[in-house]
Amino acid sequence: MKRLIVADSAGFCFGVRRSVDMAAKLLEEYGSCASLGELIHNEDVIGWLKAKGMRVVESPKDLTAGERVLVRAHGAAPEIYEALTAAGAEIIDATCPKVRAIHKIVAEAKDEGRFIVVIGMPAHPEVTAICGWCGEHEVCENVQEVEKWLKNKPNPWEKPITVVAQTTQTHSNFTECCDFIKKRCTNAKISDTICLATSTRQEEAARIASECDAMVVIGGKHSANSVHLAQICAEHCSNVQFIERSEELEMDRLEAADTVGLTAGASTPAWIIKEVRNKMSDEIKVEETTAEKEMSFDEMLEDSLKTIYNGDKVTGLVVAITGTEISVDLGTKYSGFIPTSEFTDDGIKVEDVVKVGDTIEAVVVRVNDVEGTAMLSKKRLDAAKMWNDIEEAVENGAILEGIVTEENKGGVVVNVKGVRVFVPASQTDLPRDAELSQLLKKPVRLKITEVNKPRKRVVGSIRRVAQAERRERIESIWNEIEVGKKYHGVVKSLTSYGAFVDIGGIDGMVHVSELSWGRIHQPSEVVSVGDEIDVYVISFDKEKRKISLGYKDPDGNPWTQFTSRYQVGDVANVKIVKLMPFGAFAEVLPGVDGLIHISQIANRRIGKPEDVLNVGDEVEAKITAIDEEKHKISLSIRALSEPAPVKAAEAEEEAFEEAPAEAEEDALVYEVSADGVASGIAPEVEE
């Protein structure tokens with residue numbers, strides 16, 4: 001027995017089904033209506049609608065005043081709408097939302113002064129309607145026509161270009177055309193407006209055709225999407241029949257095929273597909289791989305015409321997204337619409353949340369039977385679901401996440417997936433006098449403390465979560481702390497002796513001597529409250545909960561830098577920083593001072609250092625001695641002018657060793673030991 005594979009996507013698309021449903025509804029309510037052009041590309045459906053009272057008109061002039069006229073799914077140009085209004089007709093717009101989105105794209109491009117290229121069949125009603133919304137434009141059916149157009153336009157890129165596609169175009173043809181355009185026009189703006197249903201139908205047809213020995217495509221010969229389906233199938237299967245109804249089927253071409261594939265265009269009604277399937281089953285005994293329920297067209301239409309009511313939960317397919325609404329195919333006579341504001345209230349882009357082709361759940365808010373539309377809300381459905389999660393969160397103490405959306409006198413309001421949660425000011429985890437407005441638009445974590453569903457009142461606490469998280473961080477720090485470990489912290493406060501730094505819930509103290517290798521008098525010279533700094537642990541006491549931190553880089557120890565750069569006998573350019581009765585202290589490097597004994601200042605006898613030197617002078621001096629243990633340096637200016645007598649040198653060393661400790665301490669800000677520990681704070685710093 002032969003095997004028959006039927007495409008799941010075969011038959012009416014959303015736009016066609018919607019227009020047929022709207023026509024059927026009008027005929028049911030009023031007994032008559034008009035269609036501006038044939039509603040769909042199928043004579044059988046048109047005949048069925050005509051029998052129910054619909055007449056087809058080719059021009060607004062053919063209408064009578066007050067007559068109801070249906071604008072088909074292909075849409076119409078702006079001047080057509082104006083003519084219909086002038087004729088006094090009542091317009092029922094069945095334009096496919098996907099086509100309406102193209103109208104908006106090209107209209108905006110026109111206002112921006114862009115040249116528009118439409119990839120599609122020039123004489124097709126959909127393309128004709130699109131062109132009506134364009135300014136300057138060109139229609140190209142394939143890459144050869146694109147190339148010809150560009151050749152006749154030597155400088156088409158002088159004006160920016162927008163490219164759109166007829167909804168039933170093949171992706172391969174559109175991509176080929178766009179690639180060619182982008183090579184010649186660097187400022188082209190490409191909009192892929194091919195309908196998802198069309199893409200899905202074409203991809204499925206290609207897959208089935210590649211698996212079958214014979215392929216049958218049902219559709220009108222003047223239907224663009226059906227023609228493209230037949231072309232795609234022919235690329236993957238050598239035995240393809242393109243028919244409009246079962247009478248055209250050539251059974252002898254299927255005799256040698258073990259597997260037969262079947263698909264149909266978007267304007268093909270279910271009963272024609274059924275007739276073709278039945279003919280195959282009767283004459284060549286095929287066995288279908290699907291076991292779907294068979295229904296007549298009337299049964300299918302009746303099923304699609306079922307009424308929905310406010311409050312109903314519905315599921316549909318996203319078919320189009322515009323700047324203001326999302327169009328949803330509900331599989332019924334109603335077109336569903338969800339405002340994009342439901343997805344963008346929190347500053348999120350709608351395209352980051354939902355895409356064409358997504359399945360979406362929503363609740364019906366308002367039904368318009370006349371227009372065949374239903375306003376939907378995803379937020380209300382999410383909020384209803386969230387109430388259950390809220391009630392469970394109270395019982396199990398779960399942590400929820402939300403965005404702060406409002407501020408009032410008593411606290412703030414947090415949006416938790418559509419549910420308003422009030423957080424009192426005392427539970428925001430902010431200081432008593434802090435501005436609550438600083439929380440607006442920020443994500444927060446909270447626990448639910450009270451729920452009153454009848455009053456729709458929910459109370460939460462950010463503070464409980466923050467306190468628990470702080471306790472966890474503090475315990476984690478004490479469990480993992482060790483000398484030398486580095487932390488990224490925030491300066492919380494300053495004192496005269498140092499800075500307190502928050503390293504994740506615990507404050508550690510950086511002593512003033514650990515803030516800089518250079519001379520400073522106040523911590524504020526190095527850091528400010530609120531600064532983020534990297535610190536390391538010098539010591540800690542878990543029992544007393546005290547941590548001593550360092551901020552200055554150990555690798556930046558000036559004494560280490562000095563010893564790596566200078567040795568005894570070297571000449572250095574130094575700066576006089578302090579004058580004493582027994583000599584002058586000079587800065588060799590920032591943080592490293594040396595002593596120039598009074599006897600080594602000049603090659604003559606002087607009464608006091610200030611007779612020759614002033615604070616701030618920069619002079620050259622020779623390094624005559626280095627005490628590695630005490631971090632002391634002897635310098636001599638005199639040694640650069642003439643050799644120092646032996647006795648004078650000895651006197652200098654003796655004076656250096658015997659210099660009063662209080663004088664030395666008064667001159668040096670501090671001393672640094674070999675392991676980098678600071679000590680010996682000078683009086684002016686201590687003050």
Side-chain angles (χ1 to χ4, degrees), residues 313 341-348 352-354 361-363 377-481 487-490 492-493 500-508 530 532 542 545 547:
K313 175 185 171 183
S341 58
E342 292 210 356
F343 300 87
T344 58
D345 281 350
D346 299 328
I348 301 172
D352 293 337
V353 183
V354 63
E361 287 185 327
V363 65
S377 173
K378 185 177 183 300
K379 275 190 173 181
R380 292 194 187 184
L381 181 62
D382 290 343
K385 291 180 179 179
M386 195 59 195
W387 270 106
N388 295 329
D389 296 338
I390 292 288
E391 292 174 335
E392 291 178 5
V394 176
E395 297 178 5
N396 57 31
I399 296 174
L400 303 177
E401 297 181 356
I403 302 291
V404 178
T405 57
E406 299 176 34
E407 171 199 2
N408 54 42
K409 293 181 180 179
V412 296
V413 175
V414 181
N415 184 322
V416 181
K417 292 185 179 179
V419 176
R420 289 166 53 88
V421 179
F422 174 69
V423 178
S426 62
Q427 297 300 312
T428 59
D429 198 43
L430 292 177
R432 185 183 299 273
D433 298 326
E435 293 290 336
L436 296 178
S437 58
Q438 63 184 281
L439 290 176
L440 289 175
K441 304 300 180 183
K442 290 187 177 180
V444 294
R445 290 158 54 81
L446 71 165
K447 283 189 176 183
I448 304 302
T449 58
E450 178 187 338
V451 176
N452 188 327
K453 194 169 183 178
R455 295 180 58 190
K456 293 185 177 181
R457 174 181 170 82
V458 183
V459 180
S461 172
I462 299 172
R463 183 181 179 186
R464 288 192 185 183
V465 176
Q467 286 180 335
E469 291 176 344
R470 275 196 295 271
R471 284 194 295 269
E472 290 178 5
R473 289 197 301 270
I474 290 171
E475 289 306 314
S476 176
I477 290 173
W478 282 117
N479 291 335
E480 300 172 0
I481 195 169
Y487 292 95
H488 186 74
V490 179
K492 303 296 289 186
S493 62
F500 286 93
V501 180
D502 181 355
I503 57 173
I506 303 177
D507 286 353
E532 294 185 13
K542 286 187 177 182
R545 296 279 167 160
I547 301 175

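All heavy atoms count here, side chains included; hydrogens, waters and symmetry mates do not.
Glu401 has a carboxylate O that lies under 4.0 Å from a charged side-chain N of Arg445, or vice versa, which qualifies the two as a salt bridge.
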Check step by step if side-chain contact (heavy atoms from CB on, under 4.5 Å) holds for Thr428 and Arg463.
CA-CA 5 Å; Thr428 59; Arg463 183 181 179 186; over 6 Å; no
Just do the side-chain contact (heavy atoms from CB on, under 4.5 Å) check on Lys379 and Val363 with the steps written out, would you?
CA-CA 9 Å; Lys379 275 190 173 181; Val363 65; over 6 Å; no
List the steps, then state whether side-chain contact (heavy atoms from CB on, under 4.5 Å) holds for Glu406 with Arg420.
CA-CA 10 Å; Glu406 299 176 34; Arg420 289 166 53 88; 2.3 Å; yes
Show your working on salt bridge (Lys or Arg N to Asp or Glu O under 4.0 Å) between Glu361 and Lys378 and close with a plain yes or no.
CA-CA 7 Å; Glu361 287 185 327; Lys378 185 177 183 300; over 6 Å; no
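Counting only heavy atoms from C-beta outward, the side chains of Ser461 and Leu446 never approach each other to under 4.5 Å. Inter-residue side-chain proximity for Glu407 and Leu440 is flagged as met; some heavy-atom pair is nearer than 4.5 Å. Proximity of Val459 to Val421: side-chain heavy atoms (C-beta onward) are nowhere separated by under 4.5 Å. Residues Tyr487 and Val501 have side chains not in contact (no heavy-atom distance under 4.5 Å, counting atoms from C-beta outward).
Distance NE2/His488 to CG/Asp502: 11.0 Å, rounded to 0.5 Å. Distance check, rounded to the nearest 0.5 Å: CG of Asn408 to CG of Leu436 gives 8.0 Å. Taken to the nearest 0.5 Å, the CD1 atom of Ile477 stands 4.5 Å off from the CD1 atom of Ile506. Here the CD atom belonging to Glu342 is positioned 10.0 Å from the CG atom belonging to Leu381, to the nearest 0.5 angstrom. Interatomic distance, NZ of Lys492 versus CD1 of Ile503, reported as 12.5 Å (0.5 Å rounding).
A pairwise comparison of heavy atoms in Leu439 and Val404 identifies O-CB, 3.2 Å as the closest pair. Taking each heavy atom of Pro424 and Gly460 in turn, the nearest pair found is CD-O, 3.6 Å. Considering every non-hydrogen atom in both Lys447 and Ile399, the closest pair reads CE-CG1, 4.0 Å.
No donor-acceptor pair closer than 3.5 Å links the side chain of Gln427 to the backbone N or O of Ile462. Lys442 places no side-chain N or O within 3.5 Å of a backbone atom of Ile403 that could act as its donor or acceptor partner.
Of the candidates Gln467, Arg470, Arg464, Arg470 is the only one forming a side chain to side chain donor-acceptor pair (under 3.5 Å) with Asp429.
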